[in-house]
Amino acid sequence: MFTTLNPIPVTIIRHPKERLSKCSLQPLQGRNDIKFLKAGPNLCFDATDFILLSVDAPPLSKEDAQHPLLLLDSTWRLLPDLEKCVTGTPLRRSLPSSIKTAYPRKSKITPDPDTGLASIEALYLAKYILGDNDLSLLDSYYWKDAFLEEIKKQGL
C-alpha cells in the first residue's frame with residue numbers, strides 16, 4: 001500500500017492534562033496535514049462528517065477515505081471529558097481489535113481497554129486502513145518496529 005497523493009486531513013484534539021513529554025503525537029506538531037487543538041471549556045468542535053475513532057463502532061474501511069479524521073488524544077480515564085467538546089454527527093468507526101499496542105502501559109489509576117492503542121498507533125493504523133500509508137508518522141515512535149510487526153502479523 002502506498003501513500004496517497006492527497007493525504008487524509010487530520011485534526012487532533014488534545015486533553016489539557018495530556019503530558020506532552022509522554023505524548024506519542026508530539027513529534028507530529030507543525031506538520032501541514034495535521035491540525036492540533038487544545039481542549040478547554042470554550043472549545044466546541046463540529047465533527048460532522050469527520051471519522052471519530054471509537055471502540056464500540058462499525059469497523060473503519062477504505063470506503064471512509066473521503067472523510068477527514070478526528071483523533072482525541074488523552075488517557076482513557078480522561079476521554080469522556082474530552083468527548084464533551086465534540087459536537088455534530090461524526091462517523092464513529094473502530095480499528096481492528098486484533099491489533100495489540102506495542103506501547104508498554106503503566107496506568108496505576110484505571111485499567112486500559114484491551115483493544116486500546118497508543119495515539120500514534122491509532123493515527124497510523126487509521127490512515128493505513130484508509131489507504132494513506134504514511135510511515136513518516138512513526139519516525140519518532142520508539143516502538144515503531146514492534147507495532148509494524150503486529151500489523152504484519154495480523155495480515156493487514
Side-chain angles (χ1 to χ4, degrees), residues 1-15 17-19 22-28 31 33-36 39 45 47-84 86 88-156:
M1 197 173 283
F2 301 97
T3 302
T4 61
L5 294 175
N6 297 311
I8 304 216
V10 175
T11 300
I12 297 170
I13 301 176
R14 186 178 276 154
H15 195 282
K17 291 184 179 179
E18 183 71 9
R19 291 180 54 193
K22 293 192 174 215
C23 180
S24 62
L25 297 172
Q26 188 61 19
L28 305 179
R31 286 178 54 136
D33 58 333
I34 300 175
K35 180 179 178 180
F36 282 87
F45 184 83
T48 300
D49 291 329
F50 275 74
I51 296 166
L52 178 60
L53 298 177
S54 298
V55 175
D56 296 323
L60 183 66
S61 72
K62 189 151 179 147
E63 287 73 39
D64 295 314
Q66 72 274 17
H67 299 282
L69 184 61
L70 174 62
L71 192 70
L72 302 180
D73 186 29
S74 89
T75 63
W76 288 99
R77 181 177 62 88
L78 298 174
L79 189 57
D81 289 339
L82 190 55
E83 288 179 325
K84 292 176 185 173
V86 176
T89 53
L91 305 167
R92 293 185 180 270
R93 298 291 187 264
S94 64
L95 295 173
S97 62
S98 61
I99 303 290
K100 303 299 179 204
T101 185
Y103 187 86
R105 296 182 174 170
K106 297 179 183 176
S107 178
K108 296 175 184 171
I109 299 170
T110 57
D112 293 324
D114 290 335
T115 59
L117 300 174
S119 296
I120 190 65
E121 293 171 340
L123 175 59
Y124 172 77
L125 184 57
K127 288 186 73 155
Y128 179 83
I129 290 169
L130 294 171
D132 186 2
N133 184 16
D134 185 357
L135 282 169
S136 72
L137 292 169
L138 299 172
D139 282 350
S140 296
Y141 186 49
Y142 184 80
W143 296 278
K144 171 184 180 176
D145 293 337
F147 183 64
L148 291 174
E149 186 61 34
E150 173 67 16
I151 291 172
K152 183 178 176 183
K153 183 173 80 174
Q154 297 299 322
L156 290 180

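Small disclaimer: the values here were computed from a predicted structure and weren't measured.
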If every non-hydrogen atom of Arg14 is compared with every non-hydrogen atom of Asp73, which pair is closest and at what distance? NE-OD2, 3.4 Å
Using only atom types and a distance under 3.5 Å, with no angle test, would you say the side chain of Glu121 pairs donor to acceptor with the backbone of Thr101? no
Strictly distance-based, threshold 3.5 Å: is any side-chain N or O of Thr89 a donor or acceptor partner for the main-chain N or O of Thr48? no
Residue pair Pro68 / Ile8: nearest heavy atoms and the distance that separates them: CA-CG2, 4.4 Å
Are the aromatic ring centres of Tyr124 and Tyr141 under 6.0 angstrom apart? no
Do you know the tightest heavy-atom contact between Ile129 and Pro96? CD1-CD, 3.6 Å
pair Lys127-Val10: side-chain heavy atoms closer than 4.5 Å: yes
Please give me the minimum heavy-atom distance between Ser94 and Ala57, naming the atom from each residue. OG-O, 2.9 Å
Can we say Asp139 and Lys144 salt-bridge, meaning some charged N sits less than 4.0 Å from an Asp/Glu carboxylate O? yes
Separation between CG of Leu117 and CG of Leu125, rounded to the nearest 0.5 Å: 6.5 Å
Can you check whether Phe36 reaches Leu28 side chain to side chain, under 4.5 Å on heavy atoms? yes
Measure the CD1-CD distance between Ile99 and Gln154 for me, rounded to the nearest 0.5 Å. 4.5 Å
As an exercise, state the distance from CG of Leu91 to CG of Leu60, rounded to the nearest 0.5 Å. 10.0 Å
Answer yes or no: is there a side-chain heavy-atom contact under 4.5 Å between Leu148 and Leu135? yes
Supply the atom-to-atom distance Leu95 CG to Leu53 CG, rounded to the nearest 0.5 angstrom. 5.0 Å
Check whether Asp33 reaches the backbone of Pro7 with its side chain - one donor and one acceptor, N or O, closer than 3.5 Å. no
Just how far is it from atom CG of Leu52 to atom CZ of Phe45, taken to the nearest 0.5 Å? 10.0 Å
Which atoms form the tightest heavy-atom contact between Leu130 and Ala65, and what is the distance? O-CB, 3.4 Å
Nearest-0.5 Å distance, CG of residue Asp134 to CG of residue Leu123: 8.5 Å
At their closest point, which heavy atom of Pro59 faces which heavy atom of Asp64, and how far apart are they? O-OD2, 4.2 Å
